[in-house]
2 protein chains.
Amino acid sequence: MVDDLVPDGAGNHTAPSADCPVETALAAIAGKWTTLLLRELSRAELTFGGLKDTLPELSDKVLADRLATLVDRGVVDRVVHRGYPNRVAYSLIDAGRELRPLLIELYRTGTRLQSLRGGGGDAVSSQRP
Amino acid sequence: MVDDLVPDGAGNHTAPSADCPVETALAAIAGKWTTLLLRELSRAELTFGGLKDTLPELSDKVLADRLATLVDRGVVDRVVHRGYPNRVAYSLIDAGRELRPLLIELYRTGTRLQSLRGGGGDAVSSQRP
DNA sequence: CAGTATCCCTGTTGATACTG
DNA sequence: CAGTATCAACAGGGATACTG
């Protein structure tokens, strides 16, 4: 079936599959802290320590994991600057910038969901006998 | 800071937070099989068994979990039709339809990421000594 | 400074079997 | 038909301590 949700037949799966475009996109931003990191890196190139300063509650280990994953995914570039001490700079690359409209749409959708809950409509009651 | 990624200050968190619109949206579609279920339910109202037929590899338990969660989230409606045997119909409600543009954007972004990988640009090499 | 190495803990997923 | 109950298996996330 091909409709506007699945415009080209690449999304017609009956089980989760890495081939599905939707899963590809979700995989690119998956993981706790990842969208926060993408937000910071879309503002500016940052070093490991710079990221720690910006997100103080994020542990070294998870930060390192997240960054390595983003580099693996081809979303972030990692450049070592030799010196005393060494520094390592992280920045978004092309594929990472492809994520920007998605993050904007996530923000927009989340905002609308929140106003649907808080604002007008009362919670829809689903009958559970 | 307020920019086009964080247009209204509701997204300025330094740690993952349910208040963040981005997390709200991600939470709404979170979970393995969830986007597949949303795809099916956005095509038509379906019963529990109808969903099982459409997604044969999805177990009863996970299907029931996913549906209960979607109902909790206010995204899906659940209506019991008494009879012999009983049937239960699931359908998207307003908040669920708010997710449609997001799913479309996920599809679009995933498609572009896939073509960036497979097609043109060679993988960007990141230096790892 | 920029990470690694362990270890643990929890949540999620799934297989199987059973019920109103 | 539409689930629930139980249990096993695994992955993600995090605290702490250590290193080139």
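Chain identifiers are assigned alphabetically (A, B, ...) following the order of the sequence lines, protein sequences preceding nucleic acid strands; residue numbering begins at 1 within each chain. Computation of the quantities below employed the complete heavy-atom set of this structure, encompassing side-chain atoms and omitting hydrogens, waters and symmetry-equivalent molecules. It should be emphasised that the depicted structure is a prediction, and the values quoted were computed from it without experimental measurement.
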Where each residue is assigned the nucleotide of DNA chain D containing its nearest heavy atom, which of A:N86 and A:V62 is assigned the position nearer the 5′ end?
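Result of the comparison: A:V62.
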Toward the 5' end of DNA chain C, by each residue's nearest nucleotide, B:D60 or A:V88
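Counting from the 5' end, the first nearest nucleotide belongs to A:V88.
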A:K52 vs A:P16, nearer the 5' end of DNA chain C by closest nucleotide
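Going by which nucleotide is closer to the 5' end, it is A:K52.
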Please work out if A:K32 contacts a base, only the sugar-phosphate, or nothing of the nucleic acid, heavy-atom cut-off 4.0 Å.
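Counting heavy atoms under 4.0 Å across all strands, the contact made by A:K32 is with sugar-phosphate only.
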side-chain contact (heavy atoms from CB on, under 4.5 Å), paired with A:Y107, selected from A:I104, A:L103, A:T111:
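So the option named by the test is A:T111.
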Report the residue from A:L36, A:L46, A:I93 that forms a side-chain contact (heavy atoms from CB on, under 4.5 Å) with A:L41.
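Exactly one candidate clears the test, A:L46.
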Taking atom [atom2] of [N] as reference, at what distance in whole Å does atom [atom1] of [X] sit?
X: A:F48; N: C:dC1; atom1: CZ; atom2: P; result: 11 Å
X: A:D65; N: D:dG12; atom1: CG; atom2: P; result: 10 Å
X: A:R87; N: D:dG20; atom1: CZ; atom2: C1'; result: 18 Å
X: A:L46; N: C:dA2; atom1: CG; atom2: C1'; result: 15 Å
X: B:R66; N: C:dT13; atom1: CZ; atom2: C1'; result: 8 Å
X: A:Y90; N: C:dC1; atom1: OH; atom2: C1'; result: 11 Å
X: B:L63; N: C:dT16; atom1: CG; atom2: P; result: 18 Å
X: A:K61; N: D:dA15; atom1: NZ; atom2: P; result: 10 Å

Residues, nucleotides or ligands: over 12 heavy atoms within 6.0 Å of B:R112 CZ
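Not buried by this count: 12 neighbours or fewer within 6.0 Å.
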OP1 or OP2 of C:dG3 versus the side-chain N and O atoms of A:R78: is any pair under 4.0 Å?
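So the side-chain polar atoms of A:R78 do come within 4.0 Å of the phosphate oxygens OP1 or OP2 of C:dG3, strictly under.
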A:W33 side chain near D:dG14 phosphate (N/O to OP1/OP2, under 4.0 Å):
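Affirmative; the distance criterion is met.
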Which pair of heavy atoms, one from B:A28 and one from B:L70, lies closest together, and at what distance?
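Nearest heavy atoms, B:A28 then B:L70: O-CD2, 4.0 Å.
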Could you tell me which nucleotide pairs with D:dG20 by Watson-Crick or G-U wobble geometry, both distances under 3.5 Å, or answer none if nothing does?
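Across all strands, the one nucleotide that pairs with D:dG20 is C:dC1.
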Watson-Crick or G-U wobble partner of C:dA15, both distances under 3.5 Å:
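Across any shown strand, C:dA15 pairs with D:dT6.
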Has A:T54 got a side-chain atom pairing as donor or acceptor with A:G50's backbone, closer than 3.5 angstrom?
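Yes; judged by distance alone, with no hydrogens or angles, the pair exists.
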